[in-house]
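Heads up: the structure comes next, in structure tokens.
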Amino acid sequence: MIQVMNWLSMAIGLIPLNRQQAQSNFVLDYGMMVIVPCLYLSSYLGINLMKSFGLPFLDACNSVCRLSNNLFMHLGAFLYVTITLLSLYRRKQFFVDFETRLAEIDVVIQKCRRVAELDKGRAQAVKHSVAYHFTWLFVFSVFIFALYYDSKELYATFGEYAIIPFMVSSFPYLAGSIIQGEFIYHVSVISNRFEQINKLFEKINQEARHRHAPLTVFDIESEGKKQERKPTPAEKAAATKAIYSTDPKLADELKAQKALPTNQQNELNTSDEEDEDIFDYNEGMMEENTGTTSEANLPDLFKLHDKILALSVMTNGEFGPQCVPYMAACFVVSIFGIFLETKVNFIVSGKSRLLDYVTYLYVIWSFTTMVVAYIVLRLCCNANNHSKQSAMIVHEIMQKKPAFMLSNDLFYNKMKSFTLQFLHWEGYFQFNGIGLFALDYTFIFSTVSAATSYLIVLLQFDMTAILRNEGLMT
């Protein structure tokens with residue numbers, strides 16, 4: 001499915017032909033990215049300047065039909081010109097950098113999987129594949145239906161010249177949706193890499209439940225162990241001689257202690273023995289598995305998480321600006337689609353074929369663009385949630401105080417820095433449309449709230465007088 005979308009993107013001039021090759025023929029790569037926009041501009045200017053091959057210039061098209069068609073056409077022009085300019089600005093450098101960084105990430109992930117002895121579950125892979133292909137199949141089916149309906153109606157009206165009005169009606173929305181499909185693909189790749197490193201983090205978490213910590217007192221905040229090395233008898237004698245030789249009183253006291261009976265000396269030395277017992281846990285340390293285990297992956301996993309986050313920032317910087325005109329077009333088309341369906345088509349359906357065609361075109365493309373927008377929001381939310389899940393798993397590992405963390409303060413410091421860094425990162429980055437709105441489920445609530453306000457105003461217009469003047473009502 002991804003290959004089909006890439007072929008469509010290259011065929012209609014949205015991405016370079018050899019997008020993953022840094023050195024290639026410049027004319028061949030960017031030829032379609034220049035030819036197709038020129039064809040679109042010639043069709044758009046030809047309809048508006050020559051006033052031919054357009055629905056607004058047909059006698060059967062009434063004022064409501066002309067207004068609706070002009071809005072649809074000019075909104076499509078705004079969408080297509082914007083995404084085309086941004087695509088030319090991006091060129092192929094993004095695709096080359098993305099694939100290079102992704103290859104480096106995959107190499108480290110495979111190494112970590114070999115260390116953790118973690119293999120993909122066949123059942124889970126099949127389940128993911130079915131959901132993945134079903135989603136893309138549904139999206140392609142929706143687009144095929146929209147394009148078929150528009151082409152059929154335009155061919156019935158303009159015959160062999162139907163390609164000219166088609167270029168200014170459905171083509172801009174098709175191009176915008178394909179660009180969003182590219183965004184969906186890249187975000188899904190990022191989300192998948194987050195899932196893979198979360199599996200590796202979870203493997204460490206599962207091992208921490210079964211491996212016990214050694215019996216040693218460890219002060220994590222001071223970054224050291226509370227331990228005391230027992231001096232040898234020779235070292236004790238040398239230290240005693242050095243101390244008491246300078247102080248005759250201490251020497252006399254030492255002689256008096258030596259003259260005491262053995263039981264009294266034991267009583268005097270009780271506190272010393274207790275102190276020694278505090279730090280004498282190394283002798284009773286439990287045996288551990290000294291082989292290579294999953295926690296050895298922690299430094300690499302932290303670096304991988306940072307690299308994938310950097311990849312997310314780069315992807316959002318390339319496709320985020322193109323989300324703004326697409327979401328705006330989706331918003332406007334959806335509002336007017338509901339307005340035309342409720343205030344016009346519901347009353348005079350079947351009275352004018354062209355008016356019905358324009359109304360259904362709004363409804364079809366409003367549904368199509370909303371499906372694409374929902375998939376974009378869902379995948380962006382999934383990627384954000386997977387990145388947060390990594391920090392939650394690491395924090396859970398820290399709470400369990402596993403043996404490898406207590407025996408080596410480097411692991412604890414790394415985990416603490418990772419969770420703290422992600423806490424700041426969460427407030428710094430989120431998939432967004434150049435900062436205007438966040439690409440998550442809150443955007444749906446905001447859009448529905450704004451659309452409701454506009455529809456309350458639009459639905460108050462009385463269309464009966466206009467429809468009577470056009471001869472659509474008696």
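Worth knowing before you read on, the calculation uses all heavy atoms, side chains too, and leaves out hydrogens, waters and symmetry mates. Quick caveat: nothing in here was measured; it's all calculated off a predicted structure.
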Exercise. Taking NZ, NE, NH1 and NH2 as the nitrogens, is one of them in E396 or K400 under 4.0 Å from a carboxylate oxygen of the other?
Worked result: yes
Exercise. For Y441, does the OH atom sit with more than 12 other heavy atoms under 6.0 Å from it, leaving out its own atoms?
Worked result: yes
For this session: Answer yes or no: is there a donor N or O on one side and an acceptor on the other, between the side chain of R193 and the main chain of I308, under 3.5 Å?
Result: no
Exercise. Can Y374 and I444 be said to form a side chain to side chain contact (heavy atoms under 4.5 Å, CB included), step by step?
Worked result: CA-CA 8 Å; Y374 173 75; I444 298 177; 4.1 Å; yes
Exercise. For K203, does its backbone N or O pair with a side-chain atom of N205 as donor and acceptor, under 3.5 Å?
Worked result: no
Seminar exercise, completed: Taking every heavy atom of H395 against every heavy atom of T419, the minimum-distance pair comes out as N-CG2, 4.3 Å
Problem set entry | Over 12 foreign heavy atoms within 6.0 Å of OH, Y161 | no
Exercise. Salt bridge (charged side-chain N to carboxylate O under 4.0 Å, His left out) with R353: which residues, sequence neighbours excluded?
Worked result: E153
Exercise. Could you give the distance from OG (S417) to CZ (F302), rounded to the nearest 0.5 Å?
Worked result: 9.0 Å
Exercise. Taking side chain as C-beta onward, heavy atoms only, is K414 less than 4.5 Å from L298?
Worked result: no
Exercise. How about K416 and M398: do any of their side-chain heavy atoms sit closer than 4.5 Å?
Worked result: yes
For this session: Kindly indicate whether the side chain of I397, heavy atoms from C-beta on, has any atom under 4.5 Å from the side chain of M415.
Result: yes
Problem set entry | Shortest non-hydrogen contact between L174 and F143, atoms and distance | CD1-CD2, 3.9 Å
Exercise. Can you tell me if S334 and Y362 form a side-chain donor-acceptor pair at under 3.5 Å?
Worked result: no
Problem set entry | Side-chain touch F431/L379, heavy atoms, less than 4.5 angstrom | no
Exercise. Do any N or O atoms from the side chain of S387 and from the backbone of N384 form a donor-acceptor pair under 3.5 angstrom?
Worked result: yes
Let me have the donor-acceptor pairs involving side chains of residues 72-83, under 3.5 Å, with sequence neighbours excluded, atom names and distances please.
unit_1	atom_1	unit_2	atom_2	d
H74	ND1	Y44	OH	2.8
T82	OG1	F78	O	2.6

For this session: Indicate yes or no: at least one non-hydrogen side-chain atom of F183 is less than 4.5 angstrom from one of C323.
Result: yes
Exercise. Do Q322 and S87 have side-chain atoms, one donor and one acceptor, less than 3.5 Å apart?
Worked result: yes
Problem set entry | Separation of I197 CD1 from K199 NZ (nearest 0.5 Å) | 12.0 Å
Exercise. Say you draw a straight line from OG of S68 to CZ of F336; how long is it, rounded to the nearest 0.5 Å?
Worked result: 8.0 Å
For this session: Assess the side chains of Q389 and N385: does a donor N or O sit below 3.5 Å from an acceptor N or O?
Result: no
Seminar exercise, completed: On a heavy-atom basis, the closest approach of F53 and P165 is O-CB, 3.6 Å
Exercise. Hey, are N382 and S191 close enough side-chain-wise for a donor-acceptor pair under 3.5 Å?
Worked result: no
Problem set entry | Non-hydrogen side-chain atoms of I335 and F339 separated by less than 4.5 Å | no
Exercise. Where is the tightest heavy-atom contact between P37 and M32, given as atom of each residue plus distance?
Worked result: CD-O, 3.8 Å
Problem set entry | Flag, side chain of T369 to backbone of S366, donor-acceptor distance under 3.5 Å | yes
For this session: Output the distance between atom CD1 (I109) and atom CG (N297), rounded to the nearest 0.5 Å.
Result: 11.0 Å
For this session: For F331, enumerate each residue passing the ring pair (Phe, Tyr, Trp, His ring centres under 6.0 Å) test, keeping only those at least two apart in sequence or located in another chain.
Result: Y454
Exercise. Taking atom NZ of K152 as the centre, does the number of heavy atoms from other residues, nucleotides or ligands within less than 6.0 Å exceed 12?
Worked result: yes
Problem set entry | Atom CZ of R378 with >12 non-hydrogen neighbours under 6.0 angstrom | no
For this session: Return the orientation label for the F94 and F319 ring planes: parallel under 30°, perpendicular over 60°, tilted otherwise.
Result: perpendicular
Problem set entry | Note: D462-K343 ion pair, threshold 4.0 Å (strictly below) | no
For this session: Using the six-membered ring wherever Trp is involved, compare the ring planes of F98 and H186 and label them parallel, tilted or perpendicular (cut-offs 30° and 60°).
Result: perpendicular
Exercise. Nearest 0.5 Å, what's the CD1-CD1 distance between I184 and I178?
Worked result: 11.5 Å
For this session: Please check if any side-chain donor atom of E202 sits under 3.5 Å from a side-chain acceptor atom of N198, or the reverse.
Result: no
Exercise. Can you name the closest pair of heavy atoms from L147 and S170 and give their distance?
Worked result: CD2-CB, 4.2 Å
Exercise. Would you call D97 and Q93 a side-chain contact if the rule is heavy atoms closer than 4.5 Å?
Worked result: yes
Exercise. Just checking, is any N or O donor in the side chain of N345 or T359 under 3.5 Å from an acceptor N or O on the other one?
Worked result: no
Exercise. Would you call V142 and F367 a side-chain contact if the rule is heavy atoms closer than 4.5 Å?
Worked result: yes
Problem set entry | A391 versus F418, closest heavy-atom pair with distance | CA-CE2, 3.8 Å
Problem set entry | Test log, rule side chain to side chain donor-acceptor pair (under 3.5 Å), inputs D106 and Q110 | CA-CA 6 Å; D106 288 340; Q110 291 301 323; over 6 Å; no
